[in-house]
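Please read these numbers as outputs of a predicted model, since none were measured by experiment.
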Amino acid sequence: MTDKLAALVPPTEQAQFAPIALHVNDEELRFAVDTRSSLLDVLREQLGLTGTKKGCDHGQCGACTVLIDGRRANSCLALAVAHDGARLTTIEGLARGEDLHPVQAAFVEHDGFQCGYCTPGQICSAVGMLGELAEGRPSAVTPDLRDAPSPSREEIAERMSGNICRCGAYPGIIAAIEQAAR
């Protein structure tokens, strides 16, 4: 910001930038971010990774879901500066070259998408959810907390409830996740 412009903008309105390092899709990146920027905005606007979608910008739809250090998170609610040094995986980082991630392949096979807007968030959330199951982390519908949860339809639906599909492709989404869980 030029000195003349900075003088016109009240101090509370001036952006402050901080240097951060992020490991995005196995690539280490170092750059400065506006301290008010969400991970979603940094991914889309600064890094050009537009697979992650801005849906509600309030953490209610799941379209912006990414993996932060292997755990799913709504990137619209995560401040970029708070994740300095984190490992992020977006939809662009799941496939290995031409080989789709098993969840991506299952979504294609089971038509787990219609318009496709929510699909990147659904897929990232499903990958994170399958990791939770593999770790034995229970959910609100896990029948017995002493046993590892299984990838039942009820368990999958509960764990994916934070991801909204406005087209109603839920049967294909659940079938895809069931297949990937096997």
Colleague: Who are the salt bridge (Lys or Arg N to Asp or Glu O under 4.0 Å) partners of Glu28, not counting sequence neighbours?
Modeller: Arg30

Colleague: Run the salt bridge (Lys or Arg N to Asp or Glu O under 4.0 Å) test against Glu132 and tell me which residues pass, sequence neighbours left out.
Modeller: Arg72, Arg159

Colleague: Please identify each residue that fulfils salt bridge (Lys or Arg N to Asp or Glu O under 4.0 Å) with Arg87, with sequence neighbours left out.
Modeller: none

Colleague: How would you list, by chain and number, every residue that makes a side chain to side chain contact (heavy atoms under 4.5 Å, CB included) with Pro171, sequence neighbours excluded?
Modeller: none

Colleague: Among residues at least two apart in sequence or on other chains, which ones pass side chain to side chain contact (heavy atoms under 4.5 Å, CB included) with Ala73?
Modeller: Ile68

Colleague: What pairs of residues pass the side-chain hydrogen bond (donor to acceptor under 3.5 Å, both in side chains) test when at least one of them lies in residues 110-122, not counting sequence neighbours?
Modeller: His110-Gln179

Colleague: Between Thr90 and Glu92, do the side chains contain a donor N or O and an acceptor N or O under 3.5 Å apart?
Modeller: yes

Colleague: Listed by chain and number, what are the salt bridge (Lys or Arg N to Asp or Glu O under 4.0 Å) partners of Asp99, not counting sequence neighbours?
Modeller: none

Colleague: For side chain to side chain contact (heavy atoms under 4.5 Å, CB included), just list the numbers for Leu43 and Leu88, CA-CA rounded to whole Å, side-chain angles, deciding distance to a tenth of an Å, and then say yes or no.
Modeller: CA-CA 10 Å; Leu43 289 169; Leu88 304 179; 4.3 Å; yes

Colleague: Side chains of residues 48-63: which donor-acceptor pairs under 3.5 Å do they make with residues two or more places apart or in other chains?
Modeller:
residue	atom	partner	partner atom	Å
Lys53	NZ	Thr50	O	2.8
Lys54	NZ	Asp41	OD1	2.8
His58	ND1	Cys56	O	2.7

Colleague: Looking at residues at least two apart in the chain, or sitting in another chain, which of them share a side chain to side chain contact (heavy atoms under 4.5 Å, CB included) with Asp84?
Modeller: Ile20, Ala21

Colleague: Which donor-acceptor pairs under 3.5 Å do the side chains of residues 100-107 make with protein atoms, sequence neighbours left out?
Modeller:
residue	atom	partner	partner atom	Å
His101	ND1	Val103	N	3.0
Gln104	OE1	His101	N	2.9

Colleague: Any salt bridge linking Glu158 with Arg153? Criterion: basic side-chain nitrogen under 4.0 Å from a carboxylate oxygen.
Modeller: no

Colleague: Considering residues at least two apart in sequence or located in another chain, which fulfil the side chain to side chain contact (heavy atoms under 4.5 Å, CB included) criterion with Asp26?
Modeller: Arg96

Colleague: With no hydrogens and no angle check, just 3.5 Å: does a side-chain donor-acceptor pair link Ser139 and Glu155?
Modeller: yes

Colleague: Could you list the residues that satisfy side-chain hydrogen bond (donor to acceptor under 3.5 Å, both in side chains) with Gln46, not counting sequence neighbours?
Modeller: none

Colleague: Identify whether the distance between the nearest side-chain nitrogen and carboxylate oxygen of Asp34 and Arg36 falls below 4.0 Å.
Modeller: yes

